[in-house]
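Naming: A, B, ... by sequence-line order, numbering from 1 per chain.
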Amino acid sequence: SQTIHQWPATLVQPVGSPLSLECTVEGTSNPNLYWYRQAAGRGLQLLFYSVGIGQISSEVPQNLSASRPQDRQFILSSKKLLLSDSGFYLCAWSALSTDTQYFGPGTRLTVL
Amino acid sequence: AQSVTQLGSHVSVSEGALVLLRCNYSSSVPPYLFWYVQYPNQGLQLLLKYTSAATLVKGINGFEAEFKKSETSFHLTKPSAHMSDAAEYFCAVSDNGSSNTGKLIFGQGTTLQVKP
């Protein structure tokens with residue numbers, strides 16, 4: 001069966017510090033991968049998606065970036081965090097042939 | 001372009017009462033539709049999905065949803081609410097305009113409160 005992992009689970013970072021969040025999927029090959037953010041009291045915002053290694057599409061211009069160095073690894077990064085980057089970050093995957101997305105447990109990021 | 005509207009950001013029901021969460025969609029092609037549930041500080045969990053087979057879809061935890069093309073609706077129901085159903089619920093439609101990306105368009109979510 002497939003599983004999706006995210007780490008860390010929680011993170012507190014000062015403004016201006018760098019960020020690296022990691023997501024890995026097990027039990028499948030060539031998944032589509034997604035990064036979402038949930039700000040407090042708001043819905044899901046799609047940040048990035050990837051249909052293959054090195055193929056990243058950005059949905060919202062911002063100071064975040066994403067990379068996919070391996071087939072089942074998806075990384076969300078920032079060089080300098082802003083207060084507005086605080087939120088709950090969710091990674092998800094889907095198989096190429098379906099639209100069903102499966103979500104990881106999330107990372108709670110607080111920028112102080 | 002596809003879009004999803006969830007009517008009511010907060011719904012409150014008594015334990016044992018009917019749960020009805022509303023979702024309307026807009027799609028230029030036959031859609032795939034989804035309901036997800038999110039418990040506090042957790043990821044989203046798939047409740048059910050419609051993929052053009054039976055219009056009444058049964059999901060986990062006693063939930064079901066009915067696809068009504070004429071009303072462009074996909075409302076989520078459960079006959080009897082449990083305290084454990086308190087969570088946030090998201091309706092989503094597949095973004096068929098972006099083939100092979102598997103992108104979903106999510107509604108803004110509905111928070112379900114269950115009162116004892």
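- Scanning all heavy atoms of the two residues, the minimum distance from Gln101(A) to Phe106(B) falls at OE1-CE1, 4.5 Å.
- Here the CZ-CD distance, from Phe103(A) to Gln45(B), works out to 12.0 Å after rounding to the nearest 0.5 Å.
- When each of Ile105(B), Leu46(B), Leu104(B) is checked for heavy-atom pairs under 4.5 Å with chain A, Leu104(B) comes out on top.
- Looking at Gln108(B), both its backbone and its side chain come within 4.5 Å of chain A, counting heavy atoms on both sides.
- At a threshold of 4.5 Å between side-chain heavy atoms, the hydrophobic network of Ile, Leu, Val, Met, Phe, Trp and Tyr places Val15(A) and Leu19(A) in one connected group.
- Neither the backbone nor the side chain of Gln45(A) comes within less than 4.5 Å of any heavy atom in chain B.
- For Arg108(A), the CZ atom is densely surrounded, since the number of other residues' heavy atoms within 6.0 Å is greater than 12.
- Tracing side-chain contacts under 4.5 Å through hydrophobic residues (I, L, V, M, F, W, Y), one never reaches Tyr89(A) starting from Val12(A); they form parts of separate clusters.
- The OH atom of Tyr36(B) sits 5.5 Å away from the OG1 atom of Thr100(A) when rounded to the nearest 0.5 Å.
- Under the 4.5 Å side-chain heavy-atom criterion for grouping Ile, Leu, Val, Met, Phe, Trp and Tyr, Leu64(A) is connected to Leu83(A) within one hydrophobic cluster.
- Comparing Ile4(A), Thr10(A), Leu44(A) by heavy-atom pairs within less than 4.5 Å of chain B, the highest count is held by Leu44(A).
- Placement of Leu46(A) and Ile75(A) in two distinct hydrophobic clusters is found when ILVMFWY residues are connected by side-chain heavy-atom separations under 4.5 Å, directly or transitively.
- Between Phe88(A) and Gln42(B), the closest heavy-atom pair is CE2-O, 3.3 Å.
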